[in-house]
There are 2 protein chains.
Amino acid sequence: MNPELDKKLKSKNIRPTAMRQLVLQVLIDQNTAISLPELEQKFEKADKATLYRTLKTFEEKRLIHHIEDGTGAVKYALCHEKCNCHLEDLHVHFLCTKCNQTYCLDEIQIPDIKLPSDFLLESVNLVVKGICSNCKK
Amino acid sequence: MNPELDKKLKSKNIRPTAMRQLVLQVLIDQNTAISLPELEQKFEKADKATLYRTLKTFEEKRLIHHIEDGTGAVKYALCHEKCNCHLEDLHVHFLCTKCNQTYCLDEIQIPDIKLPSDFLLESVNLVVKGICSNCKK
DNA sequence: AAAGTTTGTGCAACTGAGTTGCAAAGTTAT
DNA sequence: ATAACTTTGCAACTCAGTTGCACAAACTTT
């Protein structure tokens, strides 16, 4: 029972069960986004449905956000401290086509999109594909 | 046997079979992108696998391009005349959260993305979600 | 035009991600 | 401690996408 994890969960109004602490630890250790199938593999013996619902809960409580990077599986990554995952918090995601890792590029702002005047903008999803710094070496 | 469809297929080096002409017609009639399951429903009795392979062929021969709009199903739309679906042809896609239709906003250019210097950019996928002009009425 | 080769189609079966119902186990409140 | 609610684990299922295989259709060669 790591008091740090405990605190983090509570601060987002998530009951800190053992399962949830383990999942949060994996998310922290990982510095790229992770999919449900990948998360499953991090555990010897874990139930897909439980992990699924854990991720859903985390997302609902805005501890993590999800990314559709076009790999077929939705990935999840920790939100940053002040992030509420609202329109103004949107950032670019980068998918490496070599190692298949997805990075949150928090420092890059999504540029303004000018839609046709009769379209109403709600959110923006920007995924850049390429080679990450690790794979370029 | 529509000679127009025939010509269009041949111009992209695709053998103009009856099946392919039918699929192409659907794609032309549609002014939004269409998914494989949606395409299936356009036919009384059509084989999923055949439609699947037809779309794959069309895409390979650059008659259509695919869009990952985060709805869970990949959608396909006709490429424009001179489009070769290379980096410079990339455009924004718009997903209406009311009617679930996906539009190609060809007129909107994807703004420049400045990646960290050790990342290599290959392609950009930008999906904007919101309400389309039809649903706003 | 017939024979042989290549390409396309239809069917069935399967994979893999995501999702749900339900009962047992765990947690919280009274 | 009991009751009420929440979380977990298991099984089963959905749905998009994909593949193998045999048959059909279309091209090629002679």
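A, B, ... follow the sequence lines: proteins, then strands. Residue 1 opens every chain. The structure presented is a predicted model; accordingly, all values stated were derived computationally and were not measured.
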Which donor-acceptor pairs under 3.5 Å do the side chains of residues 130-137 of chain A make with protein atoms, sequence neighbours left out?
residue, atom, partner, partner atom, Å
A/Asn134, OD1, A/Lys137, NZ, 3.2

Side-chain polar contacts of residues 50-57 of chain B - donor-acceptor pairs under 3.5 angstrom, sequence neighbours left out - could you list them?
residue, atom, partner, partner atom, Å
B/Thr50, OG1, B/Asp47, OD2, 3.1
B/Thr54, OG1, B/Thr50, O, 2.7
B/Thr57, OG1, B/Arg53, O, 2.8

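No hydrogens or angles considered: a donor-acceptor pair under 3.5 Å links the side chains of A/Lys75 and A/Thr102.
In this structure, the side-chain contact (heavy atoms from CB on, under 4.5 Å) partners of B/Glu107, at least two apart in sequence or on a different chain, are A/Pro116, B/Leu105. Applying the side-chain contact (heavy atoms from CB on, under 4.5 Å) test to B/Gln30 and every residue at least two apart in sequence or in another chain returns B/Thr32, B/Ile34, B/Lys42, B/Gln101.
A distance of 5.0 Å separates CD in A/Gln21 from CG in A/Asp6, rounded to the nearest 0.5 Å. The CG atom of B/Asp69 sits 7.0 Å away from the CG atom of B/Asn100 when rounded to the nearest 0.5 Å.
Positionally, the nearest nucleotide of DNA chain D for A/Thr57 lies more toward the 5' end than for the other of B/Tyr76 and A/Thr57.
Counting only distance, with no hydrogens or angles, the side chain of B/Arg62 and the backbone of B/Lys12 share no donor-acceptor pair below 3.5 Å.
The list of ring-ring contact (aromatic ring centres under 6.0 Å, His included) pairs with a residue in residues 92-137 of chain B, not counting sequence neighbours, reads A/Phe94-B/Phe119, A/Tyr103-B/Phe119, A/Phe119-B/Phe94, A/Phe119-B/Tyr103, B/His65-B/His93, B/His91-B/His93. Pairs passing the ring-ring contact (aromatic ring centres under 6.0 Å, His included) check and including a residue from residues 14-43 of chain B, sequence neighbours excluded, do not occur. Legend: ring-ring contact (aromatic ring centres under 6.0 Å, His included) pairs involving residues 5-27 of chain A, not counting sequence neighbours: none detected.
Of the charged side-chain nitrogens involved, none lies within less than 4.0 Å of a carboxylate oxygen, so that B/Lys10 and B/Glu4 do not count as a salt-bridged pair. Between B/Lys129 and A/Glu68, at least one side-chain N (NZ, or NE/NH1/NH2) sits under 4.0 Å from a carboxylate O, which counts as a salt bridge.
Donor-acceptor pairing under 3.5 Å, judged by distance alone, is absent between the side chain of A/Arg53 and the base of C/dG18.
Non-hydrogen atoms lying under 4.0 Å from DNA chain C are contributed by nothing in residues 22-31 of chain B. Near DNA chain C, defined here as any heavy-atom distance below 4.0 Å, the residues from residues 35-49 of chain A are A/Leu36, A/Pro37, A/Lys48, A/Ala49, listed numerically.
Taking atom CD1 of A/Ile34 as the reference point, atom P of C/dA17 lies 13 Å away to the nearest angstrom.
The terminal axes of the helix from C/dA1-D/dT30 to C/dT30-D/dA1, fitted over 5 pairs per end, subtend an angle of 30° to the nearest 10°.
When DNA chain D is scanned in the 5' to 3' direction for atoms under 4.0 Å from non-hydrogen atoms of chain B, the outermost contacting nucleotides are D/dA16 to D/dC27.
For the pair B/Arg20 and C/dG8, the criterion of a side-chain N or O lying under 4.0 Å from OP1 or OP2 is met.
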Go along nucleotides 25-30 of chain C 5' to 3' and tag each nucleotide: B for a protein heavy atom under 4.0 Å from its base, S when only backbone or sugar atoms are that close, - otherwise. ---S--
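B/Lys56 comes within 4.0 angstrom of sugar-phosphate atoms only, judged by non-hydrogen atoms across all strands, and of no base.
Taking both residues in full, the closest heavy atoms of A/Leu115 and A/Leu120 are given as CD1-C, 4.2 Å, listed atom of the first, atom of the second, then distance.
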Show the numbers, then the answer: is there a side chain to side chain contact (heavy atoms under 4.5 Å, CB included) between A/Val128 and A/Leu95? CA-CA 6 Å; A/Val128 178; A/Leu95 170 66; over 6 Å; no
